[in-house]
Amino acid sequence: MKKTFYITTPIYYPSANLHIGHALTTVMADTMSRYKKMNDYDVFFLTGSDEHGQKIERTAKENNMEPKAYVDNIVAGFKDLWENLDIEYDDFIRTTDERHKETVHYIFKKIYDQGDIYKSVYEGKYCTPCETFFTERQLVEGKCPDCGRDVETIKEESYFFKMSKYEGRLLKYIEENPDFIQPQTRKNEMINFIKQGLEDLCVSRTTFKWGIPVPIEEGHVIYVWFDALTNYISALGYGRDDKDLFEKFWPADIHLVGKDIVRFHTIIWPIILMAAELELPKKVYGHGWLLLDSGKMSKSKGNVVDPKVLIQKYGADVIRYFLLREIPAGQDGFYSEEALITRYNVDLANDYGNLVSRTVAMVLKYFDGILPEPVNIQDIDKDLQNVALEAYKKASEHIDKLDFSNGLAEIWKIVNRGNKYIDETAPWILAKNPEDKERLGTVLYNLIEAIRIVTVMIKPAMPNITAKVQEQIPYNFVDAQWNEAGVWGKIEAGTKLSKGDTLFPRIDLSSLEIEEPAAEEKPEPLVLKEEIEYGDFAKLDLRVAKILKAEKVEKADKLLKFEVELGNEIRTVVSGIAKYYKPEDLVGKKVILVANLKPAKIRGIESQGMILSASLEDDSDLEVVTINKDFPSGTTSVN
RNA sequence: GGCGGCGUAGCUCAGCUGGCUAGAGCAUACGGUUCAUACCCGUAGGGUCAGGGGUUCAAAUCCCUUCGCCGCCA
């Protein structure tokens with residue numbers, strides 16, 4: 001029986017479309033999955049979407065949609081992206097799937113029945129936009145520490161999960177399984193966290209409906225982690241009749257996650273599993289973030305890089321290669337389109353693509369495309385072989401540890417050695433002497449063989465390119481197993497090569513319009529008027545005034561004429577804001593009037609003061625400054 | 001505030017348990033080559049290894065300290 005391998009990505013939250021950072025996790029998982037398949041593992045690769053929660057409920061409502069219809073739409077976009085990126089998952093679990101709900105019900109009930117879930121009262125501060133609860137201590141000046149908005153105090157009956165009970169067992173497990181949490185720094189953080197003591201976890205809500213109902217009491221909905229994390233076993237059929245997959249693949253070999261959700265995967269999830277008397281996953285790997293020069297990518301910053309645009313421009317292989325090569329294992333990495341193009345030009349076009357191109361061209365030119373037999377192996381040939389075999393070994397080790405960056409770097413040592421080998425053996429000189437024909441043939445054979453090995457090894461990362469190489473070098477790359485890269489001499493002499501398309505055409509960086517993500521606004525220095533003394537300011541008499549009447553000034557597009565109440569007097573004021581307000585909308589509003597401004601005649605009407613407002617520089621919009629509290633008119637507004 | 005990490009060439013980073021003139025890739029300059037996608041190969045410049053102190057025959061590597069940056073603390 002084949003060895004099994006179960007790898008997962010997080011299930012992504014469909015409140016918005018995915019960005020290139022999400023693509024990183026999924027590409028890593030897909031590459032690992034393909035690598036294991038090439039190593040003859042029976043692989044199960046799971047991804048999906050986490051579709052419940054108040055935020056979805058609200059966003060859907062804002063869009064006048066039912067939540068399910070709303071998420072259907074976004075999830076279709078997820079799947080489309082994965083298809084474009086050549087992500088070959090075995091299953092896509094949605095938390096709205098009936099099968100998922102069944103499993104969640106089952107596991108919730110099981111844990112409840114044994115007494116690890118109990119009812120109590122939850123009280124906390126909640127920030128709806130961020131969908132996060134905070135403790136009093138976490139708030140910054142009483143507001144949400146993430147977004148700075150107001151938080152709501154929420155007090156409700158909830159079900160709680162007895163996490164505290166499993167604290168010691170979890171700690172012991174982590175210490176006895178040193179590879180469970182990777183990388184090391186995350187592991188240390190988690191140990192630290194647990195040692196501070198675990199609180200019980202609130203696992204239900206009554207404030208929204210968009211979720212899986214708590215099976216034992218109506219009106220309660222299962223809250224986030226109990227629902228979301230369970231996807232890893234609901235997709236396998238746990239708690240239902242069809243649990244063959246569960247028996248075959250659980251425990252998972254790797255839960256691949258971003259570093260921001262390591263805690264949930266290494267504390268809450270294992271404890272849920274312990275309570276359900278299930279085995280724990282073998283490894284949780286928290287990879288780093290893809291940063292932009294302008295910081296972390298996030299929707300609120302508006303600096304999100306859309307992977308679909310990039311795929312269209314450069315192709316899935318290139319994006320995949322960049323992500324895997326550029327982000328160091330377990331660390332953050334930087335994205336910029338310039339870096340992407342540099343990687344592309346240097347590694348793919350110049351080094352690998354060109355190596356294939358020049359080698360195949362020489363076989364065509366000197367041997368009519370028939371791959372010659374290698375004879376009389378010399379030291380330099382041996383060296384090329386050794387570099388290839390050594391790289392195979394090291395690359396395998398790196399990839400086993402999810403270190404794709406170093407894995408690919410190792411593979412490229414063969415590419416570099418190949419280019420150097422051409423330089424040292426100078427086939428074009430050998431071609432001039434008929435008696436060197438055998439030597440020339442050997443050199444070209446060795447080069448093709450080196451290319452073959454490289455091409456086998458880049459297949460998990462770049463699944464498309466192998467098929468294109470196969471058109472030129474007819475070796476069965478498409479079905480190749482990984483260990484074929486660990487053997488020298490597998491390509492047969494006599495193989496007929498043919499000219500193919502340029503694998504990676506160079507991109508001229510200078511003539512390219514790079515669409516950098518909308519970086520944060522460059523803070524243009526404000527140009528202020530000349531500094532004034534307080535005395536200058538104090539001369540202004542700003543007063544609250546109530547608008548009694550408003551009408552358009554005849555024959556003037558811009559002007560409105562107001563009657564305003566200022567204490568006991570009634571004044572007439574003309575203001576150039578007709579473009580922005582209908583007269584009737586302003587009646588009754590309390591505005592700020594510059595009350596001691598010298599009256600001026602406008603269109604024959606005497607205007608006795610000015611109403612304060614703020615307007616955009618290009619005059620595209622304007623808002624009158626208004627007072628919301630019910631202050632009497634005539635009130636001094638500033639002093 | 002508590003715990004942890006980082007600071008090495010213009011840029012991104014390797015340098016494990018201390019030991020030859022501190023490395024790689026990119027970028028720059030110069031040279032070589034023409035099979036190839038103006039590509040490839042070679043050479044060179046450039047670092048008081050954040051600052052200070054200590055241990056040692058010997059420290060980027062261990063210890064202390066200062067400064068700066070980052071992560072975790074539901």
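- You'll find the ring centres of A:H19 and A:Y12 outside the 6.0 Å limit.
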Could you check A:K468 against A:D501 for salt bridge (charged side-chain N to carboxylate O under 4.0 Å, His left out), going step by step and ending with a plain yes or no? CA-CA 8 Å; A:K468 282 175 91 179; A:D501 295 337; 6.0 Å; no

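- Across the P atoms, B:G15 and B:G68 are found 27 Å apart, a figure rounded to whole Å.
- Nucleotides B:A74 and B:A22 have their C1' atoms positioned 44 Å apart, rounded to a whole Å.
- Nucleotides B:U12 and B:C30 place their P atoms 26 Å apart, quoted to the nearest Å.
- For the residue pair A:N406 and A:D403, a side-chain donor N or O sits within less than 3.5 Å of a side-chain acceptor on the partner.
- Note on A:N192: every side-chain N or O is 4.0 Å or more away from OP1 and OP2 of B:G4.
- Look at the C1' atom in both B:C13 and B:A27: the space between them is 15 Å, to the nearest Å.
- Taking 4.0 angstrom as the limit, A:R358 places none of its side-chain polar atoms (N or O) nearer than this to OP1 or OP2 of B:U34.
- Remark: A:Q184 is not in phosphate contact with B:C6, judged by side-chain N or O atoms under 4.0 Å from OP1 or OP2.
- Separating the P atom of B:G19 from that of B:A58 is a span of 14 Å, rounded to the nearest Å.
- We find that CZ of A:F160 is positioned 16 Å from P of B:A74, with the value rounded to whole Å.
- Aromatic ring centres of A:F226 and A:F161: separated by under 6.0 Å.
- Of the nucleotides present, B:G68 is the one that pairs with B:C6 by Watson-Crick or G-U wobble criteria, both distances under 3.5 Å.
- Between A:P505 and A:I429, the residue anchored nearer the 5' end of RNA chain B, judged by the nucleotide with its closest heavy atom, is A:I429.
- One finds a side-chain N or O of A:K420 lying less than 4.0 angstrom from the OP1 or OP2 phosphate oxygen of B:G42.
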